[in-house]
Amino acid sequence: MTRTHADKDSLASILAYINTYLKYNGKQGLLDENKALEDVMCEVLNRIYGWKLENLNHVEKNFPGIDLGDWERGIGVQVTVEKTSSKINNTIAKIVKNEVYNKFPHLKILILGDKQASYSIRNDEKIVFDDEKDIIDFVDLLDVSSRMDFQGRHKLVVFLKQELGWEAENTQLRILTYEKVQKYQEEQHKENSYITILGLHKKLPIQDAWIKLNILTEEELKRKQTETQWDFLNQYDEYSGRRLGKTYDAETLVIEPGNKVVLAGPGMGKSTLCKKLFLQAGAMNKFAIKVRLWDVAGYMREGVAFEIALCKAMCQSLAVEFTKAELAHFFSIIILDGLDECGDYRRTVAKSIAAWGYGHPYQMIIVTSRPIDLTELADYNHYQILPMDEWQMESSSQKLMELVQQDCEKQYQWFRKRLKNYELHKLACRSPLVLGFMVQLSLQKKDFGNSKISLYQEIVNEWLQGSSRDNEKIISEVELLYGIEAIAFYMMSHVSDEAREVYTKNNIITYVGERFTEEMEYPLLKAKKIAEQCLEFWLERGILDKGFYKGQECFLFLHLNVGEYLAACYLTKMSLKMKKEWVHNHYRENIWQETLRMAIACD
């Protein structure tokens, strides 16, 4: 290849890299890359067109309308990544308003990328501007530069390589990484843009269904550090319907500096908050990661380092992989959901999170958990999700009803009448999950008892009866109910297992099939078939979630608290001797605390 062709090829690659860099890395919001490139593009335009531009923002900060100016020729240039007609029309309006045309009557627009095919411009007679000639993009720069003399073009290439630290091979790798990051963000945006209503075939847009959460500030939490865990959990009853201390919107967690731990009881909206925070980060032009720590702990049990486990967990459903270096460099917010779900690996995971945060102080880490001992993250800012007040609860319930079913005023009034019961009112305020269950039952005008346990019993019955209204049942309600209880108990029993294969379809079917054989005396082959049908049924109802591990289907409860309740139901059906033995072996384990409380209430 001749030097001329080499320079032309290098120039094309450099401009393509700038375009890609701004498209992806510019979203980080760490610095305004457009402004950083103004000086570079000023020199590029001078060399290509022979102008004498200077950066006007060095003369006057935020110079109105334009960024670069040639005083002799009266040329003003706006440098931007925005290529829309509205952007150009706004620029013209600003120039006219500030009478910039007196010194720079000829306007040029430099698009850092590719311009549109056509424009609709509202020009002003005071400004010399032709949208067919005066809107310049990278294609135009390549075209004009191809007619430069050899030495001038070569010096331009050398200048750009020096300014950008250009290395062709490394730059190509960076472009590929930007594209991976963009794919991850797009997939996660789709995944996190809705809220699933358990038991209904409904995915509601999160911007419509989001229930605003308030958090208690760290100052108020410090007062509670001397309380026992049991006292701390009991505060959820105490808080219902009122505010203590200084509180603010949970969405501001991605704005406030520092690493954070967000504490909340079962069903109080931790996982949904993580979805909202991921979308909030995107709206702020920041790249974020959101993973379930249960997945991270699973990889770590296999001997994988935390950072590699994090990379694997974030890409389970994608055909891409990230390296430790990419994780550290390209993402500014890491959202880690459910530290309490890591079982006996919780402390190991917490220590790894703390170590990663210490080594990467420019990244923000947000961890959610139930209120457990988090000594390893004592240096993080701790917050607590508060229950809804009465107005929030009632407005949110009405909004959810209207999203699920039109013309629901009668059902809403029926719901409000039931909420005159103080215990039910507390339950609704304390848990968005419980509130969603109450909304489902209210739409059918079905009572939901006077306690959390009776509510859970009614909602499970509604899911079963709703299925018989909508679908022809393949297996009986008794089999469906026993099957999901056995699935829940199996999953809860294996939270701390090192081998994640225990959650695969075959292993779940084998376990549940054996239980059917023991309890209902079915032949094993028939029992396994019923277990498989049961698994598919509850997956279709949205109670279970399906993923993949090493090419095999894996299942988990979409919401842990539902699994805990169903495991409690299974536990209550054991013989007295088996119950005593089981409780003796497990009552100290954190993962079983909620299940044990529910089992006591069920009995």
- Task: Could you walk me through whether E376 and R347 pass the salt bridge (charged side-chain N to carboxylate O under 4.0 Å, His left out) test, one step at a time?
- Result: CA-CA 7 Å; E376 296 82 5; R347 292 194 180 280; 2.7 Å; yes

- Message: Could you walk me through whether K452 and E423 satisfy the salt bridge (charged side-chain N to carboxylate O under 4.0 Å, His left out) test, starting with their C-alpha distance in whole Å, then the side-chain angles of each, then the deciding distance to 0.1 Å, before giving a yes or no?
- Response: CA-CA 9 Å; K452 183 175 181 178; E423 291 300 321; over 6 Å; no

- Please assess D389 against K212 for the test salt bridge (charged side-chain N to carboxylate O under 4.0 Å, His left out), listing each intermediate value before the final yes or no. CA-CA 11 Å; D389 59 29; K212 182 180 177 182; over 6 Å; no

- How far apart are the C-alpha atoms of T510 and N507, what are their side-chain angles, what is the distance that settles it, and do they pass the side chain to side chain donor-acceptor pair (under 3.5 Å) test? CA-CA 5 Å; T510 297; N507 283 323; 5.3 Å; no

- Item | salt bridge (charged side-chain N to carboxylate O under 4.0 Å, His left out) assessment of E402 paired with K399 | CA-CA 5 Å; E402 291 171 350; K399 179 171 62 174; over 6 Å; no

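Of all the heavy atoms in C534 and E479, the pair that sits closest is SG-O, 4.2 Å. Closest heavy-atom contact between A297 and V349: CB-CG2, 3.9 Å. Closest approach of A309 to Y299, counting heavy atoms only: CB-CB, 3.6 Å.
Looking at heavy atoms from C-beta onward, C429 lies in side-chain contact with H425 at the 4.5 angstrom threshold. I453 is listed as a side-chain neighbour of M598, based on a closest heavy-atom distance under 4.5 Å. Looking only at side-chain heavy atoms (C-beta outward), Y482 and F516 come within less than 4.5 Å of each other. Between F322 and C315 the shortest side-chain heavy-atom distance falls below 4.5 Å. Side chains of W582 and F489 form a contact here, defined as non-hydrogen atoms less than 4.5 Å apart. The closest side-chain heavy-atom distance from I353 to L336 is below 4.5 Å. Side-chain contact between I487 and L566: absent, with no pair of heavy atoms (C-beta onward) separated by less than 4.5 Å. Looking at heavy atoms from C-beta onward, W294 lies out of side-chain contact with L560 at the 4.5 angstrom threshold.
The aromatic ring centres of F437 and Y456 sit less than 6.0 Å apart.
To the nearest 0.5 Å, atom NZ of residue K260 and atom OH of residue Y383 are 5.5 Å apart. Here the CH2-CG distance, from W210 to L400, works out to 12.0 Å after rounding to the nearest 0.5 Å. A distance of 11.0 Å separates CG in L279 from CD in E191, rounded to the nearest 0.5 Å.
Defined by atom type and a distance below 3.5 Å, a donor-acceptor pair is present between the side-chain atoms of T375 and D373. If you check the side chains of E186 and H189, you find no donor sitting under 3.5 Å from an acceptor. For the residue pair E394/Q398, the side-chain donor-acceptor check at 3.5 Å is not satisfied. Side-chain contact of N450 with N421: a donor-acceptor pair under 3.5 Å is present, judged by distance alone. With 3.5 Å as the limit, one finds no donor-acceptor pair spanning the side chains of E485 and Y565. Using modelled atom types and a 3.5 Å distance limit, the side chains of E564 and W592 yield no donor-acceptor pair.
When each of T368, I335, L277, L213 is tested with V262 by the rule side chain to side chain contact (heavy atoms under 4.5 Å, CB included), just one qualifies, namely T368.
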Show the atom names and distances, to 0.1 Å, of all donor-acceptor pairs under 3.5 Å that link a side chain in residues 263-272 to residues at least two apart or in another chain.
from	atom 1	to	atom 2	distance (Å)
K270	NZ	A264	O	3.3
K270	NZ	G265	O	3.1
S271	OG	D337	OD2	2.6

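Contact check on E462 versus K446 returns a salt bridge, with a Lys/Arg side-chain nitrogen under 4.0 Å from an Asp/Glu carboxylate oxygen. Comment: E341 does not engage R346 in a salt bridge, judged by the lack of any side-chain N to carboxylate O separation of less than 4.0 angstrom.
Taking the six-membered ring for Trp and thresholds of 30 and 60 degrees, Y412 and F415 have nearly parallel ring planes, at less than 30 degrees apart. Ring geometry for Y184 against F278 counts as perpendicular: the plane angle is over 60°, on a 0 to 90° scale with 30° as the lower cut.
Partners of F448 by ring pair (Phe, Tyr, Trp, His ring centres under 6.0 Å), not counting sequence neighbours: none found.
At distances below 3.5 Å, at least one donor-acceptor pair connects side-chain atoms of K579 with backbone N or O atoms of T572. Side-chain atoms of Y522 do not come within 3.5 Å of backbone N or O of E514 as any donor-acceptor pair.
Both cation-pi conditions hold for R418 and W414: the charged atom is under 6.0 angstrom from the six-membered ring centre and inside a 45 degree cone around its axis.
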